[in-house]
Amino acid sequence: MILPGLISVAFYRRRPSAVQIGLGLAFTVVVSGLLGYVQDVGTSRVWENVVLAIVGGVILYVAILLYLVYRYLPKRALARESPSPVSSMPPP
C-alpha cells in the first residue's frame, strides 16, 4: 500500500496522484502505529511509542517521496519555475 505513489515516481516518471499519496500515508500511519504498539504492549510507554512510530513513519514516507520527485522529475519542476524570457527587441 505504501508503494503506489513511490513506484509511480521511480519507475513511471510521473507525479503520484493525491489518492496514491493519501493511501500511502494512511497505510504508513496504520502500520507504524501497530509496530509502535506491539513494541511495548503492557507498559506505560506504549502510547508514547505509538505516537513516535507514527511521526517517524510519516516523516520517512514524505522524505522518500520528496527525494524521488526531486531526483526523477527535475525538468518539469524547473520548467514551471522559469518560463523562457521574451525578447522585447525586434529582430534586425
Side-chain angles (χ1 to χ4, degrees):
M1 231 21 202
I2 192 173
L3 296 178
L6 302 178
I7 287 175
S8 76
V9 174
F11 294 107
Y12 301 118
R13 306 290 196 262
R14 62 184 170 130
R15 291 195 180 275
S17 69
V19 173
Q20 290 174 326
I21 293 172
L23 288 174
L25 281 174
F27 183 76
T28 300
V29 167
V30 169
V31 170
S32 297
L34 286 174
L35 290 174
Y37 182 77
V38 170
Q39 182 179 356
D40 278 338
V41 165
T43 65
S44 62
R45 300 180 318 173
V46 69
W47 298 114
E48 293 173 15
N49 286 336
V50 169
V51 171
L52 287 174
I54 290 173
V55 169
V58 169
I59 289 172
L60 184 63
Y61 178 79
V62 170
I64 291 171
L65 185 64
L66 289 176
Y67 171 75
L68 289 175
V69 168
Y70 175 76
R71 173 84 168 105
Y72 291 117
L73 304 174
K75 293 177 185 174
R76 291 183 186 171
L78 291 176
R80 289 183 191 155
E81 290 176 4
S82 59
S84 62
V86 177
S87 176
S88 62
M89 300 185 84

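Index from 1, following the sequence. In this text the structure is predicted, and so the values were computed from the model without any measurement.
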Measuring from atom CD1 of I59 to atom OG1 of T28, what distance do you get when rounded to the nearest 0.5 angstrom?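 It is 12.0 Å, given to the nearest 0.5 Å.
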Filter on salt bridge (Lys or Arg N to Asp or Glu O under 4.0 Å), then keep only pairs touching residues 49-65, sequence neighbours left out; what's left?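 Checked against salt bridge (Lys or Arg N to Asp or Glu O under 4.0 Å) - neighbours excluded - no pair reaches residues 49-65.
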Transitively linked via ILVMFWY side-chain contacts under 4.5 Å: V30 with Y37?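 They do not share one cluster, since no chain of ILVMFWY contacts under 4.5 Å joins V30 to Y37.
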For Y67, ring pair (Phe, Tyr, Trp, His ring centres under 6.0 Å) partners two or more places apart: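 None.
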Taking side-chain contact (heavy atoms from CB on, under 4.5 Å) as the test, write out the residues that go with V31, two or more places apart.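 Here the qualifying residues are F27, L35.
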With sequence neighbours left out, what residues match I64 under side-chain contact (heavy atoms from CB on, under 4.5 Å)?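 By the side-chain contact (heavy atoms from CB on, under 4.5 Å) rule, I64 matches L6, L60, L68.
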Solution key, residues 45-58 side-chain donor-acceptor pairs under 3.5 Å, sequence neighbours excluded:
from: R45; atom 1: NH2; to: D40; atom 2: OD2; distance (Å): 2.9
from: N49; atom 1: ND2; to: D40; atom 2: OD2; distance (Å): 2.4

